Amino acid sequence: YRTLGALRRENPVFREGSFQPVFAAGNTMAYCRTDGVHEVLIALHAADCEAKIPVPACWETSQVKLGSLPENGMLSLPPQGYAWLERRAE
């Protein structure tokens, strides 16, 4: 929990940013947060198999903080995996 708290303190978008759901099905979800300067996409997968979820194409050129970049509009998540993508807000 300390690591998550530190990430939240170091990234204002998690404290002050608006929230927008991107995907939710079964054990997988993704959402975006933006504070007008930065935008992040967080994807979480709680199953024991790989998952591929659709994300907007604009995320294919984002910066990867954790996980991998989406390809052809799909983000791959490993079993019990997650992704954190970041880009400048539009």
Side-chain angles (χ1 to χ4, degrees):
Y1 290 105
R2 290 180 191 200
T3 301
L4 290 175
L7 288 172
R8 189 170 189 269
R9 280 189 303 279
E10 295 167 7
N11 296 278
V13 71
F14 291 117
R15 294 188 313 272
E16 302 160 3
S18 63
F19 175 89
Q20 179 183 5
V22 172
F23 179 85
N27 294 320
T28 308
M29 68 169 291
Y31 63 90
C32 288
R33 292 198 65 130
T34 184
D35 62 5
V37 176
H38 296 98
E39 187 172 14
V40 297
L41 181 131
I42 303 295
L44 308 164
H45 180 55
D48 292 327
C49 58
E50 182 180 351
K52 290 186 184 244
I53 63 170
V55 295
C58 59
W59 288 101
E60 291 184 18
T61 58
S62 62
Q63 179 183 9
V64 176
K65 296 288 192 167
L66 297 168
S68 61
L69 281 174
E71 294 181 16
N72 301 317
M74 300 298 285
L75 178 62
S76 294
L77 297 168
Q80 304 293 323
Y82 44 84
W84 170 3
L85 307 177
E86 187 172 317
R87 67 190 190 116
R88 300 292 267 169
E90 294 179 349

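This structure is a prediction, so every number in the text was calculated from the model and none was measured. Excluded from the calculations below are hydrogen atoms, water molecules and symmetry mates; all remaining heavy atoms, backbone and side chain alike, are included.
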- Message: Which Ile, Leu, Val, Met, Phe, Trp or Tyr residues join Val55 in one cluster when any pair of side-chain heavy atoms under 4.5 Å counts as a link?
- Response: Val22, Phe23, Leu41, Ile53, Trp59, Val64, Leu69, Leu75, Leu77, Leu85

- Task: Please answer: with hydrophobic residues joined when any side-chain heavy atoms are less than 4.5 Å apart, are Val40 and Val37 in the same cluster?
- Result: no

- Query: Looking only at heavy atoms, what is the nearest atom pair of Gln80 and Ala46, with distance?
  - Reply: NE2-O, 3.0 Å

- Give every residue pair that meets the ring pair (Phe, Tyr, Trp, His ring centres under 6.0 Å) criterion with at least one member in residues 67-90, sequence neighbours excluded. Phe14-Trp84

- Query: With sequence neighbours left out, which residue pairs that include part of residues 13-37 fulfil the side chain to side chain donor-acceptor pair (under 3.5 Å) condition?
  - Reply: Thr28-His45

- Between CD of Glu86 and CG of Asn11, what distance do you get to the nearest 0.5 Å? 6.5 Å

- Item | Heavy-atom pair with the smallest gap, counting every atom of Ser68 and Ser76 | OG-O, 3.9 Å

- Which pair of heavy atoms, one from Glu60 and one from Pro70, lies closest together, and at what distance? CG-O, 3.4 Å

- Query: Shortest non-hydrogen contact from Pro79 to Glu50?
  - Reply: CG-N, 3.9 Å

